[in-house]
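This report refers to the structure that appears directly beneath it.
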Amino acid sequence: MARIVMKFGGTSVADMDRIRNVARHVKREVDAGHDVAVVVSAMSGKTNELVGWTRDASPMHDAREYDAVVASGEQVTSGLLAIALQHIGINARSWQGWQIPIRTDNAHGAARILDIDGSELIRRFGEGQVAVIAGFQGIGPDNRLATLGRGGSDTSAVAIAAAIKADRCDIYTDVDGVYTTDPRIVPKARRLKKVAFEEMLEMASLGAKVLQVRSVELAMVHKVRTFVRSSFEDPDAPGMGDLLNPPGTLICDEDEIVEQEVVTGIAYAKDEAQISLRRLADRPGVSAAIFGPLAEAHINVDMIVQNISEDGSRTDMTFTVPSGDLDKALRALNESKNTIGFDVIQHESGLVKVSVIGIGMRSHAGVAASAFRALGEKGINIKAITTSEIKISILIDGAYAELAVRTLHSVYGLDKS
Ligand code: ADP
Ligand code: ASP
Ligand code: MG
């Protein structure tokens with residue numbers, strides 16, 4: 001007997017037929033004698049609709065009320081799945097975040113989980129009860145609903161798995177695992193059997209939305225055995241209930257991966273904007289003068305490139321922000337123009353950041369050069385480059401996004417043969 005957390009995303013619970021299908025997946029694990037906690041997302045499209053309503057009500061809405069509205073999608077699916085499970089004879093009960101409780105910090109709309117009390121869930125496993133938990137939500141220090149940021153049900157699931165010391169956390173979605181790149185963009189993408197935590201962290205933070213970044217961080221810190229797998233396969237197909245090697249992709253420590261490729265995957269993030277500040281005074285404190293006001297405006301700055309100044313007096317600074325934050329960033333910079341002391345601001349939106357990721361890069365030379373050569377041969381101009389030990393990120397014009405992803409995917413030999 002094992003303890004398993006099963007998380008089902010929006011497309012997996014999109015309507016009653018799919019919810020009944022999810023109930024069959026749950027029944028399979030219950031029938032095998034396991035303790036089961038299920039975490040559900042809202043029906044696909046629901047959260048977007050709810051977010052739209054809050055914007056319609058007021059563009060400058062109160063974050064606590066945003067949370068009260070957008071958390072409701074998961075309340076519906078958790079109740080419906082509990083009913084569907086009861087209908088097929090399974091003892092199930094729904095749980096909202098506050099009932100467990102899942103305690104978060106006060107950052108409404110993007111709250112972090114601080115603590116989960118798993119004792120009542122565990123007590124009820126002893127009575128043979130299945131817990132159906134609303135993902136994406138918890139309760140803040142102000143005793144109000146708090147949501148965990150978009151895609152946050154993944155994080156709910158991994159955090160619950162850590163709290164109840166589950167043997168496994170299965171993230172069921174509309175693809176049958178983590179691929180070398182988004183399989184919707186590159187049909188030749190290959191499914192990976194295993195991905196190291198560090199690589200998954202980079203892939204998720206560089207745009208692969210298959211797992212929320214925070215969920216990977218938690219899985220890494222708490223050593224949660226996390227599988228990404230499909231809810232669309234027949235729940236009773238052979239091997240689906242395999243305890244140690246279920247179908248899908250295992251996210252694990254790098255030393256569990258025997259044959260490590262140099263490059264594991266390609267990720268991309270659309271809707272990036274670039275800002276350049278021209279002819280800045282090249283003096284101590286100038287970076288703080290630029291990025292301080294942007295941080296205060298809660299703008300997430302990404303690729304930062306500063307030129308070495310030619311004469312020691314003036315330099316240029318270029319960086320990227322999400323396109324949606326461009327106006328806010330320009331406003332913040334212009335308000336601080338006197339303290340920063342730049343000549344002009346230039347900006348461009350509609351860019352895309354394409355990233356090559358792999359822990360094998362640590363010990364291989366020439367990985368970046370191959371990317372630059374391949375993109376050059378396709379006539380794709382590179383606007384900015386940043387690197388870390390295990391990734392290279394390249395900023396290009398949005399129109400070339402798919403071409404660049406496909407090109408890099410084949411250059412590193414990731415295409416399915
Ligand atoms: P859910 O609603 O189940 O949480 P998401 O839409 O959040 O599902 O995540 C699954 C999607 O992630 C897939 O449909 C796929 O298009 C996308 N995706 C992006 N990059 C990858 C990747 N490298 N491997 C698998 N899926 C990916
Ligand atoms: N329903 C939420 C969202 O769409 C959380 C999730 O699905 O993970 O962002
Ligand atoms: Mg998701």
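Excluded from the calculations below are hydrogen atoms, water molecules and symmetry mates; all remaining heavy atoms, backbone and side chain alike, are included. Not measured: the values here are computed from a predicted model. Both ligands and their constituent atoms are indexed starting at 1 by order of listing.
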TODO: Taking all heavy atoms of V367 and all of Y412, pick out the closest pair and write down the distance.
DONE: O-OH, 2.5 Å
- [ ] Please check if the side chain of D325 supplies one atom and the backbone of V321 the other of a donor-acceptor pair under 3.5 Å.
- [x] no
Anything under 3.5 Å between an N or O on ligand 1 and a protein N or O? List each pair with its distance, or write none.
| residue | atom | partner | partner atom | Å |
| --- | --- | --- | --- | --- |
| ligand 1 | 2 (O) | G10 | N | 3.1 |
| ligand 1 | 3 (O) | T173 | OG1 | 2.7 |
| ligand 1 | 4 (O) | K7 | NZ | 3.2 |
| ligand 1 | 7 (O) | K209 | O | 3.4 |
| ligand 1 | 8 (O) | T173 | OG1 | 3.1 |
| ligand 1 | 14 (O) | D174 | OD1 | 2.8 |
| ligand 1 | 14 (O) | D174 | OD2 | 3.4 |
| ligand 1 | 14 (O) | R184 | NE | 3.1 |
| ligand 1 | 14 (O) | R184 | NH2 | 2.6 |
| ligand 1 | 16 (O) | D182 | OD1 | 2.9 |
| ligand 1 | 16 (O) | R184 | NE | 2.8 |
| ligand 1 | 23 (N) | Y179 | O | 3.0 |
| ligand 1 | 24 (N) | Y179 | N | 2.9 |

- [ ] May I ask you to decide whether R229 forms a salt bridge with D176, counting only side-chain N to carboxylate O separations under 4.0 Å?
- [x] no
Task: Y172-F232 aromatic ring centre distance below 6.0 Å - done: no
Open item on the list: Whether K353 and D302 form a salt bridge (side-chain N of Lys/Arg under 4.0 Å from carboxylate O of Asp/Glu) is what I want to check.
Closed with: yes
Task: N-O pairing of R406 and D415 below 4.0 Å - done: no
Task: Residues R124, E127: salt bridge by 4.0 Å N-O rule - done: no
Task: Heavy-atom pair of closest approach, residues L148 and Q212 - done: O-NE2, 3.3 Å
Task: Proximal protein residues to ligand 2, non-hydrogen atoms under 4.0 angstrom - done: S41, A42, T47, E74, F136, R150, G151, G152, S153
- [ ] Salt-bridge test for E256 and R225: reply yes if a basic N is under 4.0 Å from a carboxylate O, no otherwise.
- [x] yes
